[in-house]
Amino acid sequence: MTDKQVQVVFLGAPGSGKGTQADILAEKLDIPHVDTGSMLRAAVSEGTEYGKIASGYMEQGQLVPPEIVIGIIKERLLKPDTENGFILDGFPRNTVQAEGLDSILEEINKELSCVLNIEVDESILTDRLVYRRTCAQCGAKYNLKFAPPANEKACDKCGGELTQRSDDNLENTKRRFKTYKDETEPLIEYYIRKSLLQNINGNKSVEEIFEEVLKAVNDN
Ligand code: AMP
């Protein structure tokens with residue numbers, strides 16, 4: 001669809017659907033979807049040194065220390081498959097990380113194409129998280145309230161077991177929203193100042209939101 005390099009950051013509250021949109025965009029553009037939450041969860045389940053430090057923060061809905069995430073991101077962005085671009089989802093999450101990203105981009109001689117901020121009414125965010133389920137086998141995503149599978153425990157596509165993230169409980173969700181408001185929301189201003197921010201209305205269907213996402217990427 002495009003010959004140019006595309007470096008996109010997705011911003012948005014937990015449950016805004018940025019992971020879903022990042023997945024679709026990555027597939028469409030054939031560039032990697034770099035998602036710090038998934039990378040950290042993998043480190044936790046592999047029991048790596050980083051994973052051991054990260055797990056306590058994640059269970060509390062707090063941000064993992066910046067030196068860990070910036071290190072993980074730098075290592076990932078130096079891999080050759082990012083040559084034609086990449087999509088960042090869940091990073092940066094505060095100003096320190098955004099400045100860390102600026103330094104990495106300078107080092108690898110790339111620039112951000114745009115920062116897409118997915119805006120969703122707060123009233124539906126909690127339900128998006130606490131009813132979220134993922135197939136352990138094929139990764140298909142469901143929501144028991146908004147996009148339920150035929151059987152609450154099994155994937156419609158492959159029959160795999162549907163699992164819930166350990167941090168998608170009501171208490172943790174509240175803490176993650178607070179962390180988002182206090183630490184991540186100021187990045188909207190940060191990227192407005194760099195003339196990179198595009199707001200996307202995330203209150204629509206996945207397909208309609210993706211149309212907006214694609215238009216924003218093509219326009220930049
Ligand atoms: P997510 O999958 O994006 O909802 O992230 C799950 C958890 O991983 C967050 O609540 C944080 O504890 C941690 N995490 C993910 N990305 C970052 C990041 N960029 N900086 C610090 N912590 C992060």
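Order of listing sets the numbers, starting from 1, for every ligand and every atom in it.
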Identity and distance of the protein heavy atom lying nearest atom 11 (C) of ligand 1: Q62 O, 3.5 Å
Pick from M39, Q97, R176: the one approaching atom 10 (O) of ligand 1 most closely through a non-hydrogen atom: R176
Atom 8 (O) of ligand 1: nearest protein contact (heavy atom, Å): M58 CE, 3.4 Å
Note, V120 side chain near N203 side chain (heavy atom, < 4.5 Å): yes
Protein residue, atom and distance nearest to atom 14 (N) of ligand 1, heavy-atom basis: L40 CD1, 3.4 Å
Close approach of Q60 to ligand 1, heavy atoms, under 4.0 angstrom: no
For R41, atoms of ligand 1 separated by under 4.0 Å from a heavy atom: 2 (O), 6 (C)
Minimum-distance protein heavy atom relative to atom 9 (C) of ligand 1: R93 NH2, 3.9 Å
Salt bridge K204-E211, side-chain N to carboxylate O under 4.0 Å: no
Evaluation steps, side-chain contact (heavy atoms from CB on, under 4.5 Å), between L40 and Y50: CA-CA 8 Å; L40 289 166; Y50 279 167; 5.8 Å; no
Same apolar cluster (I L V M F W Y, side chains within < 4.5 Å links), L129/V206: yes
Sub-3.5 Å N/O-N/O distance, S38 and ligand 1: no
Heavy atoms from other residues, nucleotides or ligands near CD of E119 exceed 12 (cutoff 6.0 Å): yes
Nearest neighbour in protein (non-hydrogen) for atom 6 (C) of ligand 1: R165 NH2, 3.4 Å
Polar proximity ligand 1 side, F91 side, N/O cut 3.5 Å exclusive: no
K110, NZ: over 12 other non-hydrogen atoms inside 6.0 angstrom: yes
Atom 19 (N) of ligand 1 - nearest protein heavy atom and its distance: G90 O, 2.8 Å
Between Q62 and T179, a side-chain donor and acceptor under 3.5 Å: no
Proximity flag D167 to ligand 1, non-hydrogen atoms under 4.0 Å: yes
Ionic contact status for D81 with K79, cut-off 4.0 Å: no
Protein residue, atom and distance nearest to atom 22 (N) of ligand 1, heavy-atom basis: V64 N, 3.0 Å
N-O pairing of D35 and R76 below 4.0 Å: no
Short N or O distance, T36 and ligand 1, threshold 3.5 Å exclusive: yes
